[in-house]
Colleague: 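I have a structure here, written as structure tokens, and I will follow up with some questions on it.
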Amino acid sequence: MDIYTPPTPSAEAVSANPIDNYALDRIDYRVRDLMFRFDLSLEEQDDLRNDMVIEILKAFDRFDPAKSKRETFINRVLNRFVLHRMRRW
């Protein structure tokens, strides 16, 4: 009996859709952290989630798989976003 292993997505498929479950998990983690730090309302949390998705989408054309893993890139983009957002509050 063979064990089914799902195919790994190609580089084109990954770059075509940078918002996957990993990115959404990282966004949710950051939103929860900011929610507790700054007592954000539900509307502010939704706005923050949307802003983070937009930030990843805008930054993804700078992603170079030769320089870093995709997960590292997403984390760095979100780290910078949160840092700049916290400075504004």
Side-chain angles (χ1 to χ4, degrees):
M1 176 179 357
D2 292 329
I3 297 174
Y4 173 75
T5 56
T8 57
S10 66
E12 295 84 27
V14 170
S15 64
N17 187 13
I19 306 300
D20 63 352
N21 287 337
Y22 178 81
L24 293 174
D25 288 344
R26 297 287 76 204
I27 289 170
D28 285 340
Y29 171 79
R30 297 234 171 27
V31 169
R32 276 193 313 272
D33 181 47
L34 292 172
M35 176 188 65
F36 289 118
R37 287 186 190 194
F38 297 103
D39 194 32
L40 301 175
S41 69
L42 289 176
E43 292 86 13
E44 290 169 325
Q45 292 173 45
D46 286 341
D47 289 344
L48 200 53
R49 252 186 216 93
N50 292 334
D51 291 345
M52 288 182 188
V53 167
I54 291 169
E55 193 67 25
I56 291 173
L57 291 173
K58 287 191 320 189
F60 217 75
D61 38 331
R62 296 190 315 262
F63 173 60
D64 181 3
K67 291 183 179 179
S68 72
K69 289 175 50 176
R70 188 177 166 283
E71 292 83 3
T72 303
F73 182 80
I74 289 172
N75 280 317
R76 297 302 173 259
V77 168
L78 292 174
N79 287 347
R80 289 183 51 86
F81 176 83
V82 168
L83 179 67
H84 289 282
R85 185 58 63 104
M86 285 175 60
R87 287 179 181 167
R88 284 183 26 200
W89 286 332

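In this chain, residues are counted from 1 in sequence order.
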Colleague: Does the pair Ile27 and Ile56 meet the rule for a side chain to side chain contact (heavy atoms under 4.5 Å, CB included), with working shown?
Modeller: CA-CA 10 Å; Ile27 289 170; Ile56 291 173; 3.9 Å; yes

Colleague: Please tell me whether Tyr22 and Val53 are part of a single hydrophobic cluster in this structure, the criterion being side-chain heavy atoms less than 4.5 Å apart.
Modeller: yes

Colleague: So which atom in Phe73 and which in Ala59 form the shortest heavy-atom distance, rounded to 0.1 Å?
Modeller: CZ-O, 3.2 Å

Colleague: Membership question, hydrophobic clusters at under 4.5 Å side-chain separation (ILVMFWY): are Leu34 and Ile54 in the same one?
Modeller: no

Colleague: Are the side chain of Arg70 and the backbone N or O of Pro18 linked by a donor-acceptor pair below 3.5 Å?
Modeller: yes

Colleague: Quick check on Asn21: does its CG atom have over 12 non-hydrogen neighbours (other residues, nucleotides or ligands) under 6.0 Å away?
Modeller: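 Counting other residues, nucleotides and ligands, CG of Asn21 stays at 12 neighbours or fewer.
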
Colleague: Would Leu24 and Leu40 show up in the same hydrophobic cluster when neighbours are defined by side-chain heavy atoms closer than 4.5 Å?
Modeller: yes

Colleague: Rounded at 0.5 Å granularity, tell me how far NZ in Lys58 sits from CG in Asp51.
Modeller: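 With rounding to 0.5 Å, NZ (Lys58) is 9.0 Å from CG (Asp51).
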
Colleague: Is there a continuous path of hydrophobic side-chain contacts, each under 4.5 Å between heavy atoms, that joins Phe38 to Met52?
Modeller: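 Yes.
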
Colleague: I need the single residue from Met86, Arg87, Arg80 that forms a side chain to side chain contact (heavy atoms under 4.5 Å, CB included) with Leu83. Which is it?
Modeller: Arg87

Colleague: So for atom CG, which belongs to Asp39, do other residues, nucleotides or ligands contribute more than 12 heavy atoms lying within a distance under 6.0 Å?
Modeller: no

Colleague: Looking at every non-hydrogen atom in both residues, tell me the closest pair between Arg30 and Asn79 and how far apart they are.
Modeller: NH2-OD1, 2.6 Å

Colleague: Is there a donor-acceptor contact under 3.5 Å from the side chain of Asn75 to the main chain of Glu71?
Modeller: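 Yes, the answer is positive, given that a donor and an acceptor are paired below the 3.5 Å cut-off.
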
Colleague: What's the shortest heavy-atom distance between Arg26 and Leu78, and which atoms?
Modeller: CB-CD1, 3.7 Å

Colleague: To the nearest 0.5 angstrom, please state how far the CD1 atom of Ile74 sits from the OG atom of Ser68.
Modeller: 9.5 Å

Colleague: With side chain to side chain contact (heavy atoms under 4.5 Å, CB included) as the test, would you mind laying out the steps for Phe81 and Leu48 before giving the verdict?
Modeller: CA-CA 10 Å; Phe81 176 83; Leu48 200 53; 3.8 Å; yes

Colleague: Evaluate Arg88 against Arg85 for side chain to side chain contact (heavy atoms under 4.5 Å, CB included), listing each step before the verdict.
Modeller: CA-CA 5 Å; Arg88 284 183 26 200; Arg85 185 58 63 104; 3.6 Å; yes

